[in-house]
Amino acid sequence: MLSVLAAVTAGHLVAGIVDPDASPVLAVGNAVRDLSPPSVTDFAIANLGDTKKALLFGGLGVVLLVTGAVAGLLSRRRLWLGIALAAAVGVVGLVAVLDQPTVGVVGVTAPLASTAAGVGVLWWLHTLATRPAPDSAARRRFLLTSAGVAVGAGVLGGAGQLLAGRNGAAASRAAVGPLTPAFPAPPIPAGADFAAAGTPRFLTSNRDFYRVDTALAQVPAVRAEDWTLRVHGMVERERTYSYADIRDRPLVERTITMTCVSNEVGGPYVSTANFVGVPLGDLLAEAGVRPGADQLFSTSVDGWTAGTPTEAVLDTRRGAMLALGMNGEPLPLEHGFPARLVVPGLYGFVSATKWVVDLELTTFEAKESYWLSRGWGRRAPIKTQSRIDAPRGFATVPAGRVTLAGVAWAQHIGVQRVEVRVDGGPWRTATLATEVNVRTWRMWRLDLRLEPGQHRAEVRATDRRGRTQTDARVAPIPDGATGWHSVQFSVA
Ligand SMILES: Nc1nc2c(c(=O)[nH]1)N[C@H]1C(S)=C(S)[C@@H](COP(=O)(O)O)O[C@H]1N2
Ligand SMILES: [Mo]
């Protein structure tokens with residue numbers, strides 16, 4: 001087990017120095033994710049949030065420790081058997097690292113160091129433990145060495161984590177400096193939210209902005225200096241942009257609400273930010289989109305892909321962007337630094353590629369993006385939804401006047417009306433907060449007198465095309481949940 005610890009931490013340390021993505025444990029974790037059946041990954045990504053990482057790496061840790069114990073027991077019979085098992089685990093790590101799309105040749109040093117440390121420690125401890133005629137001094141030496149290995153492994157792992165965290169991308173982000181828009185978004189008007197009544201604030205802070213991606217323990221770390229964006233495929237002129245090319249253009253700022261397709265009715269995967277960048281349509285126009293290219297196929301540095309209707313990207317009214325900044329800062333690493341796509345009105349999985357490096361004009365016929373091949377939809381406009389944020393489910397509120405409040409969204413179309421009913425009674429029209437633009441969510445509130453006891457409130461929104469949300473419940477897969485959100489609460 002100690003040799004396993006030494007192997008994992010040595011590999012992590014070397015990866016921290018040469019390339020964080022080359023860490024063998026992280027690579028094996030990614031491989032487990034990629035080899036899992038889609039039903040399992042879909043469920044984990046949609047429902048488990050950060051716990052999926054803990055589960056994955058906890059499970060991996062248990063498997064590794066058990067393997068280490070088995071190698072130790074085997075080595076008591078035949079040393080070479082234990083060594084062979086340790087080396088076999090090393091080969092698994094090596095293969096997983098080689099499979100990482102972003103890892104180059106130097107990255108291979110991490111799994112090699114890992115294997116050397118694992119095999120070396122196993123052999124060393126085995127030698128100490130199996131001295132002929134062990135006396136108490138020999139036993140003490142064995143225990144001390146073991147403790148030393150454990151402490152050493154802790155130090156190596158910690159140092160690896162530190163180096164990985166400080167690797168170039170964070171430093172590069174810190175050095176970007178202000179991304180000042182030539183065309184700032186209009187200020188958010190007072191009265192755009194009902195935060196005092198329990199709605200979210202209109203703008204979500206970068207820290208609170210929901211996050212959904214397939215990156216497991218380590219998000220891709222790309223330095224702005226190394227980043228390029230290639231525009232190619234069915235275009236007149238292929239183009240490649242550097243970070244400086246993009247940031248030196250007149251930047252626009254747009255207030256946009258993003259939503260994840262895996263959001264359940266009433267769920268949290270919806271957030272709003274001021275994005276700074278360039279109109280995506282401008283870049284495509286420079287390349288010259290050839291007729292028939294109905295799909296913009298975007299690829300992230302980690303190989304994730306999305307397919308967006310070209311028509312939505314070229315529609316200037318919709319306002320699709322290549323974003324570099326978010327809420328007055330360069331994009332946080334988790335949200336796609338150095339650059340990502342944002343397309344108002346479309347779910348993230350068909351549009352919002354983070355760490356984007358490649359834009360290919362193609363057809364839906366020719367190429368299938370990441371989630372499509374896993375059963376999710378091709379066309380994925382955001383469905384009109386509404387949510388009750390106050391009272392919280394199962395809360396007890398004081399008798400008298402009760403305030404219900406929440407948020408509704410119908411990006412790219414706009415929210416026309418929000419209605420609430422209590423205990424199956426008549427629908428009442430809620431008061432809407434000031435509209436910021438049709439690309440964003442809209443807050444609502446309603447004050448009611450309610451009798452003491454149990455109550456159930458339901459909400460539904462109507463968009464500016466006059467379409468009211470259906471009460472028919474469907475699951476998020478393949479193209480977004482429907483149904484009315486409801487909460488139970490009591491008045492005392
Ligand atoms: N590279 C990459 N980009 C990605 C994803 C991903 O897994 N990898 N997930 C997408 C999904 S499903 C959503 S909803 C949005 C979420 O963006 P956020 O994490 O910044 O909120 O990013 C999209 N872009
Ligand atoms: Mo998503």
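Values reported hereafter were calculated over all heavy atoms of this structure, with side chains retained and with hydrogens, waters and symmetry mates removed. Note that ligands are numbered from 1 as they come in the structure, with each ligand's atoms numbered from 1 the same way. In this text the structure is predicted, and so the values were computed from the model without any measurement.
For atom 18 (P) of ligand 1, the choice among H335, E334, M326 with the nearest heavy atom turns out to be H335.
Among protein heavy atoms, atom 16 (C) of ligand 1 sits closest to V212 O, 3.6 Å. For atom 24 (N) of ligand 1, the nearest non-hydrogen atom of the protein is A352 O, 2.9 Å. Here the heavy atom of the protein found nearest to atom 3 (N) of ligand 1 is K354 N, 3.0 Å. The protein non-hydrogen atom at the shortest distance from atom 13 (C) of ligand 1 is G348 CA, 3.7 Å. In terms of protein heavy-atom proximity, atom 14 (S) of ligand 1 is closest to Y210 OH, 3.2 Å. Of all protein heavy atoms, the one lying nearest to atom 4 (C) of ligand 1 is W304 CZ3, 3.5 Å.
Within the listing of ligand 1, atoms 14 (S) sit less than 4.0 angstrom from a heavy atom of C260. Against a heavy-atom cut-off of under 4.0 Å, R211 is close to the following atoms of ligand 1: 19 (O), 21 (O). Close approach to F209 involves these atoms of ligand 1, each under 4.0 Å from a residue heavy atom: 21 (O). Ligand-side atoms of ligand 1 in range of D302: 1 (N), range being under 4.0 angstrom from any heavy atom. The S300 neighbourhood of ligand 1 comprises atoms 1 (N), with distances under 4.0 Å to a heavy atom of that residue. Below 4.0 Å from some heavy atom of F349 lie the following atoms of ligand 1, by number and element: 11 (C), 12 (S).
None of H485, Q385, E419 except one satisfies the side chain to side chain donor-acceptor pair (under 3.5 Å) rule with R460; the exception is E419. The only member of F209, W355, Y210 that meets ring pair (Phe, Tyr, Trp, His ring centres under 6.0 Å) when paired with H335 is F209.
Polar contact check, R340 against ligand 1: a nitrogen or oxygen pair lies under 3.5 Å apart.
The residues K383 and D479 are annotated as salt-bridged, a charged nitrogen and a carboxylate oxygen being separated by less than 4.0 angstrom.
When the shell of 6.0 Å around CD of E236 is examined, it contains more than 12 heavy atoms from other residues, nucleotides or ligands. Annotation: E311, atom CD; neighbour count of heavy atoms from other residues, nucleotides and ligands within 6.0 Å does not exceed 12. For R290, the CZ atom counts as densely surrounded, since its 6.0 Å shell holds more than 12 non-hydrogen atoms of other residues, nucleotides or ligands. Counted within 6.0 Å of CZ on R237, heavy atoms from surrounding residues, nucleotides or ligands total more than 12; the atom is thus considered enclosed.
Between F337 and Y243, the two ring planes are tilted [angle within 30° to 60°].
Nearest heavy-atom pair across V436 and P189 is CG2-CD, 3.8 Å.
When heavy-atom distances to ligand 1 are checked against a 4.0 Å cut-off, W355 comes that close only through its side chain, counted from C-beta outward. Proximity of W371 to ligand 1, defined as any heavy-atom pair under 4.0 Å, is not found for any part of the residue.
Because its NZ or CZ atom is both nearer than 6.0 Å to the ring centre of Y370 and within 45° of the ring axis, R374 counts as a cation-pi partner of that residue.
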